[in-house]
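From a predicted model like this one, the values you see are computed outputs, not experimental measurements. Letters A, B, ... are given to chains in the order of the sequence lines, protein chains preceding strands, and every chain is numbered from 1.
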Amino acid sequence: MKDSLDELFEKIMKARIFVNRDILRPDYIPDDLPHRENQILRLAETLVPVLKKSRPSNVFIYGMTGTGKTAVTKYVLNRINNEGRKKGIPLSIAYINCRHDDTNYRVLANLCETINIKVPFTGLSVSELFRRFVKALDASDKIMFVVLDEVDALVKKSGDRVLYDLTRINNQLNNAKVAIIGITNDLNFTEYLDPRVRSSLGEEELVFPPYNAVELEDILKQRAEKAFVEGAISPEVIKLCAAIAAKEHGDARRALDLLRVAGEIAEREGADKVVEEHVRKAQKEIEKDRVVEVIRSMPFHSKILVLSIYLLEKEKGKGHTTGEIYDVYSRLVKNFGLEPLTQRRISDLINELDMLGIVNTKIVSRGRYGRSKVASLTVPYTHLKEGLKEDPRMSHIL
DNA sequence: CGTCCACAGGAATGACGGGCGG
DNA sequence: CCGCCCGTCATTCCTGTGGACG
C-alpha cells in the first residue's frame with residue numbers, strides 16, 4: 001500500500017542531490033573564506049589588542065550586500081573569542097542587525113540581553129536603558145564587542161544618538177570596555193553622522209569590494225563540494241550561478257541562494273543532477289517568492305495601493321503620477337468601506353514600495369504642468385496577483 | 001524672465017497599544 | 001492602579017522646486 005506521501009519520501013531519498021544543504025545558506029560560516037584573506041587579517045589586526053586586555057579601535061566596515069562583511073566579522077570574532085577563552089580573558093560579543101532592530105531602544109535592549117539583564121520590550125526611557133546597560137556592564141569587567149550590522153538603517157531611521165552614546169561609553173566605564181564594529185552597505189553613510197561620531201567610529205576603516213565572477217565561482221565551488229552529492233553538480237552549473245550573481249553587484253548571497261534553490265528544484269523533479277535549466281527556474285522562483293512574501297506581509301492600505309497601480313497599468317500602460325494613483329486608490333478604498341489615507345501618507349507608501357523593489361519611481365518635471373513622481377511596477381503581474389490573492393478581502397477582485 | 005503647476009518631502013503633532021516602576 | 005515613556009502609523013501644515021508656458 002503506497003500513497004502519494006510514500007512516493008514523495010522515496011523520491012527524496014532516492015534523488016540524493018544534497019548531502020547538507022545548510023552549507024549553502026547565507027548564515028553558514030565556512031572554515032575559510034576565499035578571497036577575503038586581506039580583510040580577515042586587517043580586521044584581526046585591529047581587534048587583537050583585546051587579547052592583551054586593551055581596548056581595540058572601533059572599526060567601520062563598508063561593502064555592498066553579499067560581499068562577506070558579516071561572515072568575516074563573525075569569523076574573526078569567533079576566533080578571537082576562542083583565543084580569549086583559552087587565555088581567560090572575559091569577552092562578550094553582541095551582534096545586532098540594525099535592519100531588524102532599527103530603533104535606539106531596540107538596540108539597547110538587545111545589548112542588555114546579551115549581558116543577561118532582562119529588560120522589557122518597551123516602556124523604559126532610552127536613557128534609563130542606557131544607564132542600566134552601563135551599570136551592569138561595568139560590574140562585569142568584560143571587554144565587549146558591539147557589532148552593528150547594517151547600521152545605516154538605524155541611523156537613517158532613528159538618528160545617531162545611540163551611536164554617539166556608545167562611542168563615548170568608555171568614559172563612563174571603569175572596568176569594562178566597549179569596542180564598536182559598524183557594518184554598512186551604504187558607502188556614503190558617514191555623511192549622515194555627527195562629526196564626533198564619525199571620527200571616533202571610523203578609527204579604523206575596512207572596505208569590502210564586490211566579488212567578481214571568478215571569485216564567486218571559487219566560493220561556490222568550495223561550498224558545493226560539501227553541500228552536494230558527488231556528481232550531482234557540474235562546474236558549468238556553478239559557473240552559471242557565479243556569472244548571474246556577478247552581474248548583480250557580485251553578491252555572494254545571491255549566488256549561494258541560486259545554487260541551493262536550483263538543487264532543491266532538481267531534487268523535487270527527481271533528477272540526479274543539477275542542470276542549467278534548474279538554475280534558470282531557480283532564478284524565477286527566487287524572485288517570485290520574494291515578491292509574494294513582500295506583498296503578503298504588507299498592510300492593507302499598501303495592498304490596495306499596489307492593486308491601484310496594477311489596475312492603472314492594465315488600462316493605460318506603465319508610468320503614473322502620485323496624483324493619478326491616489327485617485328484610483330481613494331475610490332478603491334471607499335469600495336472597501338474604509339477611509340482613504342492622505343496623499344502625504346500615500347506618497348510615503350509609494351516610496352516604501354520603491355525600496356522594496358515592487359515599483360520604480362522617478363521624479364519628472366512637466367514644467368508648467370507641475371512636478372511629480374512617476375511610478376511603474378517592476379514585477380510580473382502574475383507574482384503580484386498571487387501575493388494579493390492571499391488576502392481574503394482581496395481575492396474576489398482578481 | 002517670471003510665473004505657477006503638482007506635487008515632494010520636512011516638521012510638528014496626535015492617537016494608540018504596550019509596558020514599565022511605584 | 002496611575003503617570004510616564006516608548007514605537008508606530010497617520011494627519012496637518014508647510015516650504016521647496018524644475019522647467020514649459022506666456
Side-chain angles (χ1 to χ4, degrees), chain A residues 96-113 115-136 148 150-166 186 188 191-194 294-306 308-309 312 316 318-334 336-356 358-376 391 393:
Chain A
I96 299 172
N97 186 326
C98 300
R99 188 188 293 283
H100 182 238
D101 296 327
D102 60 358
T103 65
N104 294 335
Y105 189 94
R106 283 216 282 269
V107 168
L108 282 172
N110 205 317
L111 288 180
C112 289
E113 232 170 78
I115 56 171
N116 295 322
I117 44 178
K118 61 175 180 70
V119 289
F121 258 61
T122 168
L124 297 178
S125 81
V126 169
S127 45
E128 168 62 16
L129 212 52
F130 192 72
R131 210 181 53 75
R132 289 195 198 182
F133 173 64
V134 171
K135 197 175 158 207
L148 298 169
E150 308 201 53
V151 63
D152 45 326
L154 170 68
V155 173
K156 277 174 199 160
K157 185 133 186 292
S158 310
D160 55 8
R161 164 82 193 285
V162 168
L163 238 43
Y164 180 69
D165 288 343
L166 281 177
D186 181 350
N188 303 317
E191 287 168 19
Y192 295 91
L193 292 177
D194 182 305
V294 162
I295 290 182
R296 199 164 54 87
S297 58
M298 280 189 321
F300 194 52
H301 281 282
S302 295
K303 287 182 184 170
I304 296 181
L305 180 58
V306 172
S308 308
I309 303 173
L312 263 173
K316 303 187 198 163
K318 289 193 166 288
H320 298 278
T321 61
T322 307
E324 281 178 279
I325 295 169
Y326 185 70
D327 283 345
V328 176
Y329 156 82
S330 298
R331 262 182 285 140
L332 230 44
V333 170
K334 284 178 195 149
F336 279 103
L338 295 171
E339 278 304 298
L341 302 175
T342 57
Q343 182 157 331
R344 179 68 188 82
R345 180 68 186 134
I346 291 301
S347 168
D348 278 347
L349 292 184
I350 291 177
N351 285 339
E352 269 174 39
L353 293 181
D354 191 7
M355 296 264 286
L356 291 169
I358 303 292
V359 303
N360 242 333
T361 67
K362 65 175 172 211
I363 293 173
V364 171
S365 185
R366 301 193 212 280
R368 219 230 70 173
Y369 301 107
R371 192 163 173 263
S372 180
K373 182 175 278 190
V374 172
S376 332
D391 194 311
R393 290 167 290 188

Could you list the residues that satisfy ring-ring contact (aromatic ring centres under 6.0 Å, His included) with A:Tyr369, not counting sequence neighbours?
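Testing A:Tyr369 for ring-ring contact (aromatic ring centres under 6.0 Å, His included), a comparison that skips the adjacent residues, returns none.
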
Please identify each residue that fulfils ring-ring contact (aromatic ring centres under 6.0 Å, His included) with A:Phe130, with sequence neighbours left out.
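Applying ring-ring contact (aromatic ring centres under 6.0 Å, His included) to A:Phe130 gives none.
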
Can you sort out which residues in residues 340-353 of chain A have a heavy atom within less than 4.0 Å of DNA chain B? Ascending by number, please.
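Those residues whose heavy atoms fall under 4.0 Å from DNA chain B, taken from residues 340-353 of chain A in numerical order, are A:Gln343, A:Arg344, A:Ser347, A:Asn351.
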
Do [X] and [Y] come within less than 4.5 Å of each other through their side chains, counting heavy atoms only?
X	Y	value
A:Leu353	A:Met298	yes
A:Leu305	A:Lys303	no
A:Glu150	A:Asn97	yes
A:Val374	A:Asn360	no

If I take atom [atom1] in residue [X] and atom [atom2] in nucleotide [N], what distance separates them, rounded to the nearest angstrom?
X	N	atom1	atom2	answer
A:Lys362	C:dG18	NZ	P	17 Å
A:Glu324	B:dA8	CD	C1'	17 Å
A:Glu339	C:dT11	CD	P	10 Å
A:Leu338	C:dA10	CG	P	11 Å

A:Thr322 side-chain N/O to B:dA6 phosphate OP1/OP2 under 4.0 Å
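Checking B:dA6 against A:Thr322, no side-chain N or O comes under 4.0 Å of OP1 or OP2.
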
For B:dA6, take OP1 and OP2 only and decide whether either is under 4.0 Å from a side-chain N or O of A:Lys373.
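No, A:Lys373 has no side-chain N/O under 4.0 Å of OP1/OP2 on B:dA6.
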
Just jot down the salt bridge (Lys or Arg N to Asp or Glu O under 4.0 Å) partners of A:Arg366, sequence neighbours excluded, or say none.
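For A:Arg366 there are no salt bridge (Lys or Arg N to Asp or Glu O under 4.0 Å) partners, ignoring immediate neighbours.
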
If the condition is side chain to side chain contact (heavy atoms under 4.5 Å, CB included), which residues does A:Lys135 pass it with, not counting sequence neighbours?
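Expected list: none.
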
Partner residues of A:Ile115 under the side chain to side chain contact (heavy atoms under 4.5 Å, CB included) criterion, sequence neighbours left out:
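If we apply the side chain to side chain contact (heavy atoms under 4.5 Å, CB included) test to A:Ile115, skipping adjacent residues, the hits are A:Ser92, A:Ile117, A:Phe133, A:Ala136, A:Leu137, A:Met144.
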
Atom pairs under 3.5 Å: protein N/O with N/O of nucleotides 15-17 of chain C:
none

Using the 3.5 Å cut-off, write out each protein N or O paired with an N or O of nucleotides 20-22 of chain C and the distance between them.
| from | atom 1 | to | atom 2 | distance (Å) |
| --- | --- | --- | --- | --- |
| C:dA20 | O4' | A:Arg368 | N | 3.4 |

All N/O donor-acceptor pairs, side-chain side in residues 324-333 of chain A, below 3.5 Å, sequence neighbours left out:
| from | atom 1 | to | atom 2 | distance (Å) |
| --- | --- | --- | --- | --- |
| A:Glu324 | OE1 | A:Thr321 | N | 3.1 |
| A:Glu324 | OE1 | A:Thr321 | OG1 | 3.4 |
| A:Glu324 | OE2 | A:His320 | ND1 | 3.2 |
| A:Tyr326 | OH | A:Leu341 | O | 2.6 |
| A:Tyr329 | OH | A:His301 | ND1 | 2.8 |
| A:Tyr329 | OH | A:Leu341 | N | 3.0 |
| A:Ser330 | OG | A:Tyr326 | O | 2.9 |

Provide the full list of side-chain hydrogen bond (donor to acceptor under 3.5 Å, both in side chains) pairs with a residue in residues 344-354 of chain A, sequence neighbours left out, each pair given once.
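Sorted result for residues 344-354 of chain A: A:Arg344-A:Asp348, A:Asn351-A:Lys373, A:Asp354-A:Thr361.
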
Which residues pass the side-chain hydrogen bond (donor to acceptor under 3.5 Å, both in side chains) test with A:Asp165, not counting sequence neighbours?
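Applying side-chain hydrogen bond (donor to acceptor under 3.5 Å, both in side chains) to A:Asp165 gives A:Arg161.
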
For A:Arg393 and A:Phe336, which heavy atoms make the closest approach, and how far apart are they?
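It is O-CE2, 3.3 Å.
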
Would you write out the dot-bracket form of DNA chain B, 5' to 3', with Watson-Crick and G-U pairs under 3.5 Å, [ ] for crossing pairs, | for pairs to other strands and . for unpaired bases?
||||||||||||||||||||||

Which one, B:dC7, B:dG9, B:dG21, comes nearest to the side chain of A:Thr321?
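My answer, after comparing the listed nucleotides, is B:dC7.
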
